[in-house]
Number of protein chains: 2
Amino acid sequence: MSEKVTIYDIAEKLNITAATVSRALNNNPKIKEATRELVIKTAAAMNYKQNKLALALKSGRSNNIGVIVPRIDSNFFASVIRGIEEELYPHGYQVIICQTHESIKRENENLHTLVDAQVDGIMMSVTGISNENDSAFRNVLEKNVPLIFFDRSKHIDGVSSVTINDFKGGYLATKHLIDEGCRHIAHLSGDQSLDIFKNRFLGYKQALLDNGIDFKEEYVIYTKSAVDAGKEAVDKLLQLQTPPDAIFSSSDFAALGAIQELKERNIDIPNEFCVAGFSNEPFTKFMELSITSVDQSPLEMGKMSARVFLEQVDKTDTIKIEKKVVLAPELHIRKSSTKTTF
Amino acid sequence: MSEKVTIYDIAEKLNITAATVSRALNNNPKIKEATRELVIKTAAAMNYKQNKLALALKSGRSNNIGVIVPRIDSNFFASVIRGIEEELYPHGYQVIICQTHESIKRENENLHTLVDAQVDGIMMSVTGISNENDSAFRNVLEKNVPLIFFDRSKHIDGVSSVTINDFKGGYLATKHLIDEGCRHIAHLSGDQSLDIFKNRFLGYKQALLDNGIDFKEEYVIYTKSAVDAGKEAVDKLLQLQTPPDAIFSSSDFAALGAIQELKERNIDIPNEFCVAGFSNEPFTKFMELSITSVDQSPLEMGKMSARVFLEQVDKTDTIKIEKKVVLAPELHIRKSSTKTTF
DNA sequence: AAAAATCATGTAATCGATTACACGAAAGTA
DNA sequence: TACTTTCGTGTAATCGATTACATGATTTTT
C-alpha cells in the first residue's frame with residue numbers, strides 16, 4: 001500500500017536527479033526558486049518523508065541521546081528524565097532510556113549498547129563507582145560521545161556533571177534540626193563510595209561541629225533507601241545508651257520507615273523526636289505528618305544536563321569542555337521537624 | 001585516536017573481501033571454519049563494532065521502539081515503562097520515550113517523529129480520543145508499524161491493546177464502600193470520552209444498581225487528577241441537600257485532596273466518611289491514614305504490552321493480529337474505608 | 001564578440017553492512 | 001578421464017540521502 005517514497009521517486013517523476021531534489025529540500029541556495037517550489041510541492045503531494053536512518057548513516061549522527069539511570073520508577077529519576085526530554089524536544093533529539101537496576105554489569109552493557117547505537121550523547125546517574133573496570137566509560141570518551149553525569153557522578157577527566165550541593169543539603173537539614181532544639185542527631189546514610197551520600201554525611205558532620213555538638217560514630221547507620229531499612233535503623237538507634245532525639249536521613253523512604261517505627265513505639269513526632277529526609281519525594285508532602293526534606297530540583301537538573309549536552313555537542317572535538325554545574329538544594333520544612341506549634 | 005573500524009578495515013588487513021568478513025561475523029555456514037575464526041579473532045583485536053545505523057538502513061529495522069505517554073513523572077507511567085524496558089532488554093530493543101503533556105498536537109508530532117525514525121513498534125497510552133484527526137494513527141498503520149495501546153486506548157481496527165478491567169475496578173471499589181455501610185456514594189470521574197473513566201463510572205453505577213441504591217447524577221463530579229481538584233469536589237458535594245457519606249475517586253490524587261478537605265472540616269474518616277481511590281499510587285500506602293485504592297499492575301501491563309509487540313513484530317505483514325489483553329484490577333483495602341476497627 | 005563569471009543541475013562517490021549472483025577450485029561420480 | 005556437485009569466496013548492487021566536483025547554459029564584463 002503506502003510504499004516508501006524516496007528522493008529518487010520524486011526525481012523520476014520530475015525528470016531531474018535525486019541530487020537536485022535533496023538540494024531543493026535542504027534549501028540549498030544554488031537551486032532555482034521555481035525548481036525548489038516544484039520539488040517541495042511534489043514531495044508533499046507524494047507524502048515524502050526523509051529517511052532518518054539514511055541521514056544518520058551518512059552524517060554519523062543519530063539524533064538520539066541515551067539516558068542511563070538505576071531505575072525509572074522513582075520520582076526523582078522520572079522527573080530528571082522529564083526535564084531532559086522537555087529541553088531536548090525542541091532540538092529534535094529523541095531520548096533512549098536504559099535502566100541498570102544498580103548492576104554495574106548492566107551499566108557497562110548499556111554504555112556499550114548506546115555507543116554502538118551511535119547516540120549523540122549520554123546522560124547518566126552512575127550506579128557504582130568501582131574503578132576496576134572503567135573500560136566502558138573510556139570507550140565512550142574515545143568515541144567522542146559527550147558524556148554528562150547528573151546527581152551521582154564519577155571523577156573522570158573531560159566529563160561534565162550536574163549535581164546538587166549535597167554537602168549544603170546535609171548541612172541545612174542538620175542545622176534545622178539543631179535549631180529545633182535537637183542535640184542528639186542520628187544520620188541514616190547510604191553507600192558512601194558514592195559522592196552524594198558522602199557529602200550529605202559531611203554536611204551533617206560539619207553542622208554538628210559548627211554548633212558545638214559532638215559527632216558520634218554510633219549515630220551513623222548505613223541503610224538502603226527503603227522503608228524497612230528505616231525501621232531497622234530506628235530499632236538499632238533506640239537500643240543505644242543515649243538514644244538520639246532526631247534523625248537526618250539521606251533517603252525519604254528510610255525517613256518514612258523511621259517515622260513509622262517511632263510511631264509504633266508511641267514516640268511523639270515532632271515533640272520528642274524530629275525527622276528530616278532527602279529528595280522531597282511527593283509523599284513527603286502528602287502525609288498528614290508531612291516530612292521535612294531536602295529538594296533536589298530534579299526537573300531543573302534534567303534541563304540543565306540537557307543544556308550542558310547541547311553546549312558540548314557542536315563544539316569541535318579538539319577542545320574538551322568540562323563543566324561542573326552545582327545546583328542549590330532547598331530545605332522544605334514540614335511537620336516532622338517543627339516543634340514550635342502556634 | 002580511536003578511528004571507527006569497519007568490516008573493510010578487517011578485510012584489508014586479512015586480504016579478503018568485506019563480504020567474507022560480514023559472512024564470517026554472521027555465522028554464515030558457507031564460510032570455512034578457519035576463516036571464520038581468523039576473522040572473529042581479528043575483529044576482536046581491532047575492536048570492531050558493528051555499525052547499527054548501517055544495519056538499520058539496510059534492513060529497515062532500527063531496533064528501537066517508541067513509547068508515548070502523557071507524562072513520565074507519574075508512578076503509573078514510569079512503572080509501565082519499566083516493565084516495557086525490562087521485557088524488551090533481552091531482545092536487544094531500545095526504548096525511546098515521548099511525552100505528550102496531554103496535548104493532541106504533541107501526540108501527533110510524536111507519532112510522526114517515531115515513524116520517521118523507523119521505530120519497529122509503538123506502544124502508547126492515548127492522550128485524547130478526538131476522532132477528527134486520525135491521520136497520525138493511520139500513518140502508523142499504513143507504514144505497518146506495530147501499534148499497541150496500553151491503559152488508555154482508542155478503537156482502531158488492527159490495533160492491539162493491554163488494559164485493565166476498569167469496569168470491574170470501579171465495581172469492586174464501590175461494592176466495597178457499600179459493604180462498609182455507605183449508602184450515599186459520590187464519584188469523582190475524569191474525561192469520560194476516555195474509556196478508562198467511562199468504564200470506572202459504569203462499574204460504579206452498576207454496583208449501586210446491583211445493591212438497590214439509586215444513582216444520583218449530582219453525586220458525579222468531573223475533575224482533573226489533582227489534589228486541589230479533589231478539595232473542590234468535596235466542597236461542592238457537601239453543599240448538596242443530602243451530602244454523600246463516601247467517595248469513589250477515579251484518581252488517587254483527587255482522593256487525597258478530598259481526604260485533606262474532609263479532615264479540614266473535621267469529618268471523621270473512615271467512620272463518618274469513606275474514601276477509595278484508583279491507581280494505587282505509592283503514597284496511598286504510605287499515609288498514616290492509608291488510602292484504599294484499585295491497583296492496575298502497571299509493571300505487568302508494561303511487560304504484557306512488550307510481549308504483545310514481540311508476538312506481532314515478526315509476523316508476516318499480511319495477517320493483522322489484533323489482540324486485546326485485559327488485566328484484572330485488584331482492590332487494596334486500607335484505612336480510609338475500613339470502618340470496623342478491632 | 002570573445003572571455004570570464006555565475007548559475008543550475010548532473011555525475012558519481014560515500015556512509016557501512018548485507019546478499020543475490022557469479023566463478024574458480026576441490027571433491028565426488030560415472 | 002570427463003562431468004557434475006559442492007564449497008568458499010569475490011563482485012557488485014542495494015538501503016536513502018548528501019555533497020565534492022564536473023559540466024553546460026546564461027549572464028556579465030571588457
What residue pairs, at least two apart or across chains, pass salt bridge (Lys or Arg N to Asp or Glu O under 4.0 Å) with a residue in [range]?
range                      : value
residues 8-32 of chain B   : none
residues 33-44 of chain A  : A/E33-A/R36
residues 89-112 of chain A : A/R71-A/E102, A/E102-A/R152, A/K105-A/E109

Heavy-atom pair with the smallest gap, counting every atom of [X] and [Y]:
X      : Y      : value
B/F137 : B/M124 : CE2-SD, 3.7 Å
A/L25  : A/A43  : CD2-CB, 4.1 Å
B/D120 : B/F309 : O-CE1, 3.2 Å

Self-check item: With sequence neighbours excluded, residues passing side chain to side chain donor-acceptor pair (under 3.5 Å) with A/E85
Solution: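 Expected list: B/Q99.
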Quiz item: Got a sec, which residues hit side chain to side chain donor-acceptor pair (under 3.5 Å) with B/E87, two or more places apart in sequence or on another chain?
Solution: B/R307
Practice problem: Using distance alone, with no hydrogens and no angle criterion, decide if A/T127 and A/T100 have a side-chain donor and acceptor under 3.5 Å apart. | Solution: yes
Quiz prompt | Pair A/Q312, A/S160: side-chain N/O donor-acceptor within cut-off below 3.5 Å | solution =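 Yes, A/S160 and A/Q312 have a side-chain donor paired with an acceptor closer than 3.5 Å.
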Quiz item: With sequence neighbours excluded, what pairs up with B/K58 under the salt bridge (charged side-chain N to carboxylate O under 4.0 Å, His left out) test?
Solution: none
Exercise. Working to the nearest 0.5 Å, report the span between CD1 of A/I96 and CE of A/M123.
Key: 12.0 Å
Quiz item: Should we say atom NZ of A/K324 is surrounded by more than 12 heavy atoms from elsewhere, each under 6.0 Å from it?
Solution: yes
Quiz item: How bent is the helix from C/dA1-D/dT30 to C/dA30-D/dT1, comparing axes over its five end pairs at each side, to the nearest 10°?
Solution: 50°
Practice problem: Please list, by residue number, the residues of residues 53-64 of chain A whose heavy atoms come closer than 4.0 Å to an atom of DNA chain C; answer none if no residue qualifies. | Solution: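 Close to the strand are A/L57, A/K58.
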Practice problem: Tell me which residues in residues 31-44 of chain A put a heavy atom below 4.0 Å from DNA chain C, sorted by number, or none. | Solution: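 Heavy-atom contacts with DNA chain C come from A/I31, A/K32, A/T35.
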Acceptor/donor pairs from residues 14-21 of chain A side chains to any protein atom, 3.5 angstrom cut, sequence neighbours excluded:
from	atom 1	to	atom 2	distance (Å)
A/T17	OG1	A/T20	OG1	3.3

Quiz item: Which nucleotide span of DNA chain D, 5' end to 3' end, has atoms closer than 4.0 Å to non-hydrogen atoms of chain B?
Solution: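 Taking any atom under 4.0 Å from a heavy atom of chain B, the span is D/dG8 to D/dG16.
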Quiz item: Are the side chains of B/K154 and B/V159 in touch, meaning some heavy atoms are under 4.5 Å apart?
Solution: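 Result no, sub-4.5 Å side-chain heavy-atom pair not found.
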Between the protein and nucleotides 20-24 of chain C, list the N/O to N/O atom pairs that are separated by less than 3.5 angstrom.
from	atom 1	to	atom 2	distance (Å)
C/dA20	N6	B/R23	NH1	3.4

Quiz prompt | Closest-nucleotide ordering on DNA chain D, the 5'-leading residue of B/I16 and A/Q50 | solution = B/I16
